[in-house]
Amino acid sequence: MMKRLLMTTAAASLLAIGSAAYAQNATDNGAVQPAQPPVVTPPPAENNASGGDANSGGVISGSQPSPAAEAAPASPPPSDAVISAQTDNQLRADQLIGMTVYNAQGEKVGTVHDIILDKDGRASGVVLNVGGVLGIGAKSVGLTWKEIDVKPDQQAVQISYSKEQLKAAPDFKTTDQINAEMNAQTPPAGSGSGLGNAPAPATQPTTNP
């Protein structure tokens, strides 16, 4: 009886040890490992139409607005309002200014200094420089347009007066010169010679007879 009890106890011990070893092995082989986060590979960056990538906040390629329509070309003025070329019977102002002025005898009497236009824009006269050296010290003389004969082929202007007659003529003055002379002659305000500003007469000494 004792022998059977010992054998039963030993068998139970072996069975318990085997079960524990099997459970430990199963635990080691079948334990669930913690899940690892998946590795995500980002897609390659693509340049958009403005030179940045898709994540730079730029405009995505293909979404740009269409270019604005080109403005229609302007139409020129009518043909009868345009002068496309200078003709032989036309003279530019820069050609006339500086031309040598001769009299009927072929003597040089001066040069054209300026052109005078009326309120309608038509040439009404010329201003001549008479005398002087290289324009320095020259006298300005104005003549009406009908007094000159422009000869474009000779690059000259002809008049009927001599140099002495032109020197005897009054000087030509512009409106600026006239206004400057008038302002120079006008005394400044407060400098008048009224009675209120006149000095008191000197007191004569009284003599007894």
Side-chain angles (χ1 to χ4, degrees), residues 65-204:
S66 59
E70 296 182 359
S75 58
S79 58
D80 58 350
V82 176
I83 300 176
S84 58
Q86 180 182 3
T87 61
D88 294 337
N89 59 351
Q90 292 177 336
L91 188 67
R92 302 193 313 272
D94 63 336
Q95 291 177 314
L96 180 59
I97 295 176
M99 275 190 179
T100 303
V101 181
Y102 297 92
N103 59 13
Q105 289 73 34
E107 299 173 344
K108 179 181 177 180
V109 297
T111 57
V112 178
H113 174 67
D114 208 346
I115 302 174
I116 304 173
L117 305 178
D118 61 16
K119 62 179 182 179
D120 297 325
R122 294 188 296 264
S124 60
V126 294
V127 179
L128 308 181
N129 277 346
V130 181
V133 178
L134 299 178
I136 301 176
K139 176 185 177 69
S140 295
V141 180
L143 292 179
T144 60
W145 190 262
K146 66 179 181 179
E147 296 293 336
I148 66 173
D149 182 14
V150 182
K151 300 181 180 299
D153 54 339
Q154 301 178 12
Q155 294 293 308
V157 174
Q158 183 175 337
I159 62 175
S160 302
Y161 306 102
S162 64
K163 181 182 292 187
E164 288 72 19
Q165 289 178 296
L166 296 176
K167 288 183 178 181
D171 293 346
F172 173 81
K173 295 180 181 180
T174 64
T175 54
D176 293 339
Q177 291 174 330
I178 295 174
N179 293 334
E181 292 177 357
M182 293 179 62
N183 293 334
Q185 295 175 0
T186 302
S191 61
S193 58
L195 296 178
N197 297 328
T203 303
Q204 298 294 331

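Sequence positions, counted from 1, serve as the residue numbers for this chain.
Taking CD of Gln155 as the reference point, atom CG of Leu96 lies at 9.5 Å (rounded to 0.5 Å). Atoms CD and CE, from Gln158 and Met99 in turn, are 13.0 Å apart once rounded to the nearest 0.5 Å. The NZ atom of Lys163 lies 9.5 Å from the CG atom of Asn103; values are rounded to the nearest 0.5 Å. Distance CG/Asp114 to CZ/Phe172: 7.0 Å, rounded to 0.5 Å. For the atom pair CD of Gln105 and OG of Ser160, the computed distance is 9.0 Å after rounding to the nearest 0.5 Å. Between the CG atom of Leu91 and the CG atom of Asp88 there is a distance of 11.5 Å, given to the nearest 0.5 Å.
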* Report the C-alpha distance between Gln95 and Gln86 in whole Å, list the side-chain angles of each, state the deciding distance to 0.1 Å, and finish with yes or no for side chain to side chain donor-acceptor pair (under 3.5 Å). => CA-CA 12 Å; Gln95 291 177 314; Gln86 180 182 3; 3.2 Å; yes

* Could you walk me through whether Thr174 and Asp176 pass the side chain to side chain donor-acceptor pair (under 3.5 Å) check? -> CA-CA 5 Å; Thr174 64; Asp176 293 339; 4.9 Å; no

Tell me which donor-acceptor pairs under 3.5 Å the side chains of residues 140-152 have, and how far apart each pair is, sequence neighbours excluded?
from, atom 1, to, atom 2, distance (Å)
Glu147, OE1, Tyr161, OH, 2.9
Asp149, OD2, Lys151, NZ, 3.1

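Between Val101 and Val130 the shortest side-chain heavy-atom distance does not fall below 4.5 Å. In this structure, Ile159 and Val109 have side chains that are in contact, with non-hydrogen atoms separated by less than 4.5 Å. Under the 4.5 Å side-chain criterion, counting only non-hydrogen atoms from C-beta, Leu128 is not in contact with Thr111.
Across all non-hydrogen atoms, the minimal contact from Ala138 to Gly131 is CB-O, 3.3 Å. Between Lys139 and Leu166, the shortest heavy-atom distance links the atoms CE-O, 3.4 Å. Pairing each heavy atom of Gln177 with each of Lys173, the nearest pair is OE1-CA, 3.1 Å.
Within the structure, side chain to side chain donor-acceptor pair (under 3.5 Å) contacts touching residues 72-84 (residues at least two apart or in different chains) do not occur.
A distance-only check finds a donor-acceptor pair linking the side chain of Asp118 to the backbone of Asp120 [under 3.5 Å]. Here the side chain of Gln185 pairs no donor or acceptor atom with the backbone of Met182 at under 3.5 angstrom.
Around atom CD1 of Ile83, no more than 12 heavy atoms belonging to other residues, nucleotides or ligands sit under 6.0 Å away.
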